[in-house]
Amino acid sequence: AQLLDISKIYDAVPAARHRRTVRAPMREGAPDLCFIGRQEKWKGPDLFLELCSQLPSEAFGEVRLYGPPVHLHGTDSMEELRRLARYRSLDIVNEVVDAGRIIERMRDDRMVVVLPSRRDTFNLVAIEALLSGCPAIVSTRCGVCDFLDTAYPGIPYIKIDPDDLLSSYD
């Protein structure tokens, strides 16, 4: 299996290269890797951090988590994710941002959205990212993969197997 080359993924999406027309120029360099969603087990924020930790640090800018933490049995999911990030030697940025601002960032920032869900009926974030011109890496366990493959067979996105993150990419 090849290692994910995040810059090539980003530059392969035509809209990602040309979407900034009015605002300040987009920064150069490797794109940020972004997880968007509730920080719960089924959405896979831990898998996101695992994938990021397996990539060379020069392959991406920042590791960002957008979305609210969940609280189970007295534990805050962000505390657990910070602990995992430290163990994996990752610096992470966590923000809770409203949906409109997330879509604006997908359109205007140099980022790749990573959605490694263990199970997800659809995953609207993947559609929002792709329609905003933002490259997306999506779990094969998201119903949106079947939808995209059927309704939009030419749309560029990367599918990953949440049980075998790195060998999923060809």
Kindly compute the distance separating [atom1] ([X]) from [atom2] ([Y]), expressed to the nearest 0.5 Å.
X	Y	atom1	atom2	value
Asp149	Ile155	CG	CD1	10.5 Å
Lys43	Arg38	NZ	CZ	5.0 Å
Ile36	Ile103	CD1	CD1	9.0 Å
Leu165	Gln54	CG	CD	8.5 Å
Lys159	Leu148	NZ	CG	9.0 Å

side-chain contact (heavy atoms from CB on, under 4.5 Å), that's the test. Do Leu33 and Leu55 meet it? Break it down for me.
CA-CA 11 Å; Leu33 298 179; Leu55 297 171; 3.8 Å; yes

Taking C-beta and beyond as the side chain, do [X] and [Y] meet within less than 4.5 Å on heavy atoms?
X	Y	result
Leu51	Pro116	no
Leu65	Val93	no
Leu49	Leu81	yes
Cys34	Tyr66	yes
Val138	Asn123	no
Phe35	Cys52	no
Val113	Pro135	no
Asp91	Arg86	no

Whether the side chain of [X] engages the backbone of [Y] through a donor-acceptor N/O pair (distance < 3.5 Å, no angle test) should be reported.
X	Y	value
Asp161	Asp163	yes
Ser132	Arg107	no
Asp109	Met111	no

Sequence neighbours left out, what passes side chain to side chain donor-acceptor pair (under 3.5 Å) with [X]? Give chain and number order.
X	value
Arg101	Glu104
Glu128	none
Ser117	Asp120
Glu95	Arg64, Arg105

Please determine whether a side-chain nitrogen of the Lys or Arg among Glu79 and Arg82 lies less than 4.0 Å from a carboxylate oxygen of the Asp or Glu.
no

Going by the rule salt bridge (Lys or Arg N to Asp or Glu O under 4.0 Å), which residues pair with Arg118 if we only count those two or more places apart in sequence or in a different chain?
Asp46

Please determine whether the number of non-hydrogen atoms from other residues, nucleotides or ligands lying under 6.0 Å from atom CG of Asp98 exceeds 12.
yes

Which is it for Thr140 and Ile160 under the side-chain contact (heavy atoms from CB on, under 4.5 Å) test, yes or no, and what are the steps along the way?
CA-CA 6 Å; Thr140 55; Ile160 57 171; over 6 Å; no

Hydrophobic cluster membership, [X] vs [Y], 4.5 Å side-chain cutoff:
X	Y	answer
Leu115	Val97	yes
Ile102	Val96	no
Val125	Trp42	no
Val70	Leu84	no

What closest approach, in Å, do Leu130 and Pro156 show between heavy atoms, and which atom pair accounts for it?
CD2-O, 3.5 Å

Full working for side-chain contact (heavy atoms from CB on, under 4.5 Å) between Asp32 and Val112
CA-CA 6 Å; Asp32 294 342; Val112 173; over 6 Å; no

With a 3.5 Å cut-off and no angle check, do the side chains of Asn94 and Gln39 form a donor-acceptor pair?
yes

Tell me, which pairs form a ring pair (Phe, Tyr, Trp, His ring centres under 6.0 Å) where one or both residues lie in residues 77-123, sequence neighbours left out?
Phe122-Phe147

